[in-house]
Amino acid sequence: MTESTDKGRYDFNRIEPKWQDHWLNNRTFKTPNPNESGDKPKYYILDMFPYPSGAGLHVGHPEGYTASDIVSRYKRMRGFNVLHPMGWDAFGLPAEQYAVQTGTHPAVTTQKNIDNMRRQIQSLGFSYDWDREVNTTDVGYVKWTQWIFLKMFNSWFDEAQQKARPIDQLPIPDGLSDTEKEAYINNHRLAYEHEAPVNWCPALGTVLANEEVIGGVSERGGHPVVRKPMRQWMLRITQFAERLLDGLDGLDWSDSIKKLQSDWIGKSIGAEVDFKIDGGTGFQPVNHGQDGRATDIIRVFTTRPDTLFGATYMVMSPEHPLVDTITTDEHKAAVEAYKEMASKKSDLDRTDLTKDKTGQFTGGYAINPVNSEKIPIWISDYVLISYGTGAIMSVPAHDERDFEFATKFDLPIIQVVEPDNAARASSSCKHGQDGRATCFTGDGTAINSGEFTGLKTPEFKEKIAAWLAENNFGEKAVNYKLRDWLFSRQRYWGEPFPILHTEDGRVIALDESELPLELPALEDYKPSESGEPPLAKATDWVNVTLADGTKARRETNTMPQWAGSCWYYLRYMDPKNDVAAVDFEKQKYWLPIDLYIGGAEHAVLHLLYSRFWHKLLHDLGFVSTQEPYQKLINQGMILGSDNQKMSKSRGNVINPDDVVSEYGADSMRLYEMFMGPLEATKPWSMQGVEGVYRFLQRAWRAIINPETGDLLDCIQKTDPDEPTERILHQTIKKVTEDIEGFAFNTAISQMMIFVNHISKLEIRPKAAMEKFVLILSPLAPHLCEELWQRLGHTDSLAYAEWPAFEADKAKEKEIELAIQIKGKTKDKITIAADATEETTQQMALASKKVQAALDGKKAKKIIVIKSRLVNIVA
RNA sequence: GCCGGAGUGGCGGAAUUGGCAGACGCGCGGGAUUCAAAAUCCCGUUCCCCUCGGGGAGUGUGGGUUCAAGUCCCACCUCCGGUACCA
């Protein structure tokens, strides 16, 4: 091939690196700060940053990144000051496991992976402002993650004001000793230490949050998880439950994601009810005084106080503190054995799919407050100590779990709600084995309920709550499924806690001025079987002598990977600030994030944690908005060409590097968007890539002379003919609207239609071709920059004005109209777009085919849908 | 089990939100170009029947509403994703 022919070919291998260098060297996408941006409106578009894995990018990453890049480029052309950054969520297990095997410091591995993934991301031509790159493992970043932790440690939650406040504003009850005072304060901190059974994963050598355990095994790796009591750091996210729930209302997120979050928070409204313990069974009443209320009682939580008359027994969690007190001597041995068994059960056993109920009678009895019935008290591990009060009243006739338990242990079942007919037929009504006893969990009308008989369920709930309060038996109550966030991990590669434990058992936080607290170097990164974190081995680092001579040990747990990603969106606004996490004015300008794109796998964890931190920072006055992420879009999963999840073992993994080297970045970008709707799951097809590649070549050849590389002679400064003008404006309209609506696949289709049309023209109006290049540029920026330059422009098109469309010019002059008889199309006629209804009707009836089909019958009714069809009912 | 999402040609997917089903692309068939191939261009391509002209069926299944249903209503089937006794 000669030099001259080469010049004119669509050579992405030359074009793409050329423009990537141009953008980087010219800082094309450097984002001005608020005071430098003139009066442009701001637009903050964020991608979920990746973990820099050794395997590099997979094709799922560029999907979201391409979508966000298209919107970013589009918004710039529409005159917005766009913040579009990228960074690295770089703490985490794989680098640490590699360190365990090889002794290589995780920072080294991480840096190598980051460099590789940055190269990959840059090879796709995304318009990130690389001057704002952040890395959660940089000490300059860790410093502020630790700083936020200190803010949590030094805050409490004011229930009355529903907000976090500095700990020094915590009202402390009078008459406490110094030790009591300190304990009181520690009990109110938003970050606190807690000794409790946790999810210990022996294989990973760490504890996991509830959210990281799926079906009894670890989310990462699928290793078994067991319950083990350990001292842990917790964050009091539960105090924010109500606000995290309320805040969802104002967010532009999909309903399904909002629902996932609200289900996770799991708000239940009901009542707490006190059951007196019956004294006649050899049991000695105790005084455990919950909040100054009645003593010698067991308190339960129920969402169905209207079924109190149907409570035939009570179940306590085996871990409930009153179990030993109410157990009679006769049952002591059996109860102890049951408790022992329950405590050993792993989470896997607890979620046993058979869900066969187990339990043990304690010998104790309680008195039902509504009818003074004496009911037996059982223990069972289907009642969780960590939810509600750790004890329930059992209403087997109206709760499936209670029903199962009662059936198994032959406990009485009393029906107290009569379903209305519709509900009776529905599936909320379940029959027992004997075919007579049933379990109905829906609403209905009360029966067998004393003075309340006859009430509808909702009304009953109101009345009984008032009755309980009046008689001092209980009150309305709200419970959440959400638990406090277990925030410590027994790992090396994470943020160290800025915390010291003194010899005399006090917990001291570092001063802000002592941050960052850096990780020590280690020889051996291996976790220990005892659960002691690797950091404990760094004795020089761990042991500290304070200014007053007190000896102390550093906290050796580290923070979980979620920590860094909780606030990274703030750091992008001000990545190099060393006196604040983010400058107040900058966050005020940029927040909230206008568009957040990422995978749905982060629907609960990352998004919930992050919203929690944001609310805390808001309460303390560091950020101005209640919520960080205003609009959220979840890109769908990309499957292998075999319609299966991509995985090494299936051998169906597509490497973006290969696609880029074979077809170029623009084809890769375009194909990812052409595959289908952004949010859909869809399979990869190399032939599909080839299809969009051909389209880009056609676009190139529609403008460039393949011999010389100059513009084709047919590109002329003339006005477009009518059809060309119409298609151009239709295309601008469709592409504009589709980008706004994230429907990139159909935008591309329309541009293909444009190219198909223009390629047939012998004279191609230059202005039309320029407009086309501009609207294609957000999707295929390298190709378009090159074409733009060859069309005679010296500046990058990144900030060129987005072409406007005129609705009039996009309209068809003549329209093909379908003529139907009773909904079946019999003929098609072409008619002026502005034809009146009357002429349309006449023309329709004049059709020979229609006349033939009518066969002399008279039209009873004629429906004319303007510029679409005529339907004749004969 | 429960909660979401989805079922449209050989394939990926389009369809003014009730108005011509199958845009656009892939694949396939035919033709042009070529010594030949690749590339490119043109034509065709839902299925069935038919000699041309044409006719019939059709958006997971069965019913319904309507002049008109992929779209709305009722019942069900299948696949994918999430979840696990939260009283």
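Order of the sequence lines sets the chain letters (A, B, ...), proteins ahead of strands, with each chain counted from 1. Just so we're clear, the structure is a prediction, and the values are computed from it rather than from any experiment.
- Using a 4.0 Å cut-off between charged nitrogen and carboxylate oxygen, A:Arg726 and A:Glu812 count as a salt-bridge pair.
- Look at the C1' atom in both B:rG60 and B:rU71: the space between them is 16 Å, to the nearest Å.
- Across B:rG4, B:rA23, B:rA14, the shortest atom-to-atom separation from the side chain of A:Lys259 is found for B:rG4.
- Across the P atoms, B:rA69 and B:rU61 are found 15 Å apart, a figure rounded to whole Å.
- With both pairing distances under 3.5 Å, B:rG62 is matched to B:rC74 as a Watson-Crick or G-U wobble pair.
- Across every strand in view, B:rU83 sits in a pair with B:rG1 that passes the Watson-Crick or G-U test at under 3.5 angstrom.
- With P as the reference atom, B:rA23 and B:rA15 are 12 Å apart, rounded to whole Å.
- Atom-to-atom, OH of A:Tyr10 to P of B:rU40 comes out at 14 Å; the value is rounded to the nearest Å.
- Rounded to whole Å, the P atom of B:rC76 lies 25 Å from the corresponding atom of B:rG9.
- Anti is the classification of B:rG70, since its glycosidic angle lies more than 90° from 0.
- In terms of modelled atom types and a separation under 3.5 Å, the side chain of A:Arg701 and the main chain of A:Pro706 share no donor-acceptor contact.
- Seen from the ring of A:Tyr382, A:Lys357 counts as a face-on cation partner, given the 6.0 Å and 45° thresholds.
- Residue A:Ile872 is out of contact with every strand shown, counting any heavy-atom pair closer than 4.0 Å.
- Nearest nucleotide to the A:Val873 side chain, out of B:rA87, B:rC67, B:rG4: B:rC67.
- Under the Watson-Crick or G-U wobble criterion, with both distances below 3.5 Å, B:rC52 has no partner in any strand shown.
- Separating the NZ atom in A:Lys828 from the CD1 atom in A:Ile815 is a distance of 14.0 Å, to the nearest 0.5 Å.
- Applying the 4.0 Å criterion to OP1 and OP2 of B:rA39, one finds that A:Arg9 has every side-chain N and O outside that range.
- B:rC49 and B:rC74 are spaced 35 Å apart, taking the C1' atom of each and rounding to whole Å.
- No salt bridge links A:Glu272 with A:Lys476; every basic N to acidic carboxylate O contact stays at or beyond 4.0 Å.
- One finds no salt bridge joining A:Lys408 and A:Glu404 here, because no Lys/Arg side-chain nitrogen approaches an Asp/Glu carboxylate oxygen to under 4.0 Å.
- Taking atom C1' on both nucleotides, B:rG12 is separated from B:rA6 by 15 Å, rounded to a whole Å.
- For B:rA39, there is no paired nucleotide, since no Watson-Crick or G-U wobble pair has both relevant distances below 3.5 Å.
- Within 4.0 Å (heavy atoms only), A:Leu869 reaches at least one base atom of the nucleic acid.
- When Watson-Crick and G-U wobble pairs are counted only if both distances are under 3.5 Å, B:rA68 pairs with no nucleotide at all.
- Anti is the classification of B:rG22, since its glycosidic angle lies more than 90° from 0.
- Nucleic acid contact class of A:Lys822 (heavy atoms, under 4.0 Å, all strands): sugar-phosphate only.
- Distances shorter than 4.0 Å separate some side-chain N or O of A:Asn745 from OP1 or OP2 on B:rA14.
- Within 4.0 Å of A:Asn479, counting heavy atoms only, lies no atom of the nucleic acid at all.
- Taking atom P in both B:rC72 and B:rG7, the straight-line distance is 11 Å, to the nearest Å.
- Nucleic acid contact for A:Asp255: none, since no nucleic acid atom lies under 4.0 Å from a heavy atom of the residue.
- Judged purely by atom type and a 3.5 angstrom limit, A:Thr307 uses its side chain to pair as donor or acceptor with the backbone of A:Arg304.
- At a threshold of 4.0 angstrom between heavy atoms, the contacts of A:Glu816 include nucleobase atoms, whether or not backbone atoms are also involved.
- Taking 3.5 Å as the limit, the base of B:rC67 and the side chain of A:Lys860 contain no donor-acceptor pair of atoms between them.
- Side-chain proximity of A:Arg694 to the nucleotides B:rG19, B:rU40, B:rA87 is greatest for B:rU40.
- Here the C1' atom of nucleotide B:rA87 and the NZ atom of A:Lys267 are 17 Å apart, to the nearest Å.
- As a whole-Å value, the separation of A:Lys824 NZ from B:rC20 C1' is 13 Å.
- Residue side chain A:Lys828 reaches the base of B:rC20 through a donor-acceptor N/O pair under 3.5 Å, judged by distance alone.
- Base pairing analysis places B:rU46 opposite B:rA57; the two distances defining the Watson-Crick or G-U wobble pair are each below 3.5 Å.
- Using a 4.0 Å heavy-atom distance criterion, A:Ser685 is classed as making no nucleic acid contact.
- When distances run from any side-chain atom of A:Phe674 to the nucleotides B:rG13, B:rC24, B:rG4, the shortest one goes to B:rC24.
- Between B:rA75 and B:rC2, the two P atoms lie 14 Å apart (nearest whole Å).
- Between A:Arg669 and A:Glu63 there is no salt bridge, since none of the side-chain N atoms of the basic residue sits less than 4.0 Å from a carboxylate O of the acidic one.
- In terms of phosphate contacts, A:Arg698 brings no side-chain nitrogen or oxygen within less than 4.0 Å of OP1 or OP2 of B:rU40.
- Between B:rC24, B:rA87, B:rG19, one nucleotide has an atom nearer to the side chain of A:Thr302 than all others, and that is B:rA87.
- Looking at the side chain of A:Val383, the nearest of the listed nucleotides B:rA87, B:rC26, B:rA21 is B:rA87.
- Put simply, A:Tyr382 has no side-chain N or O that comes within less than 4.0 Å of OP1 or OP2 on B:rA87.
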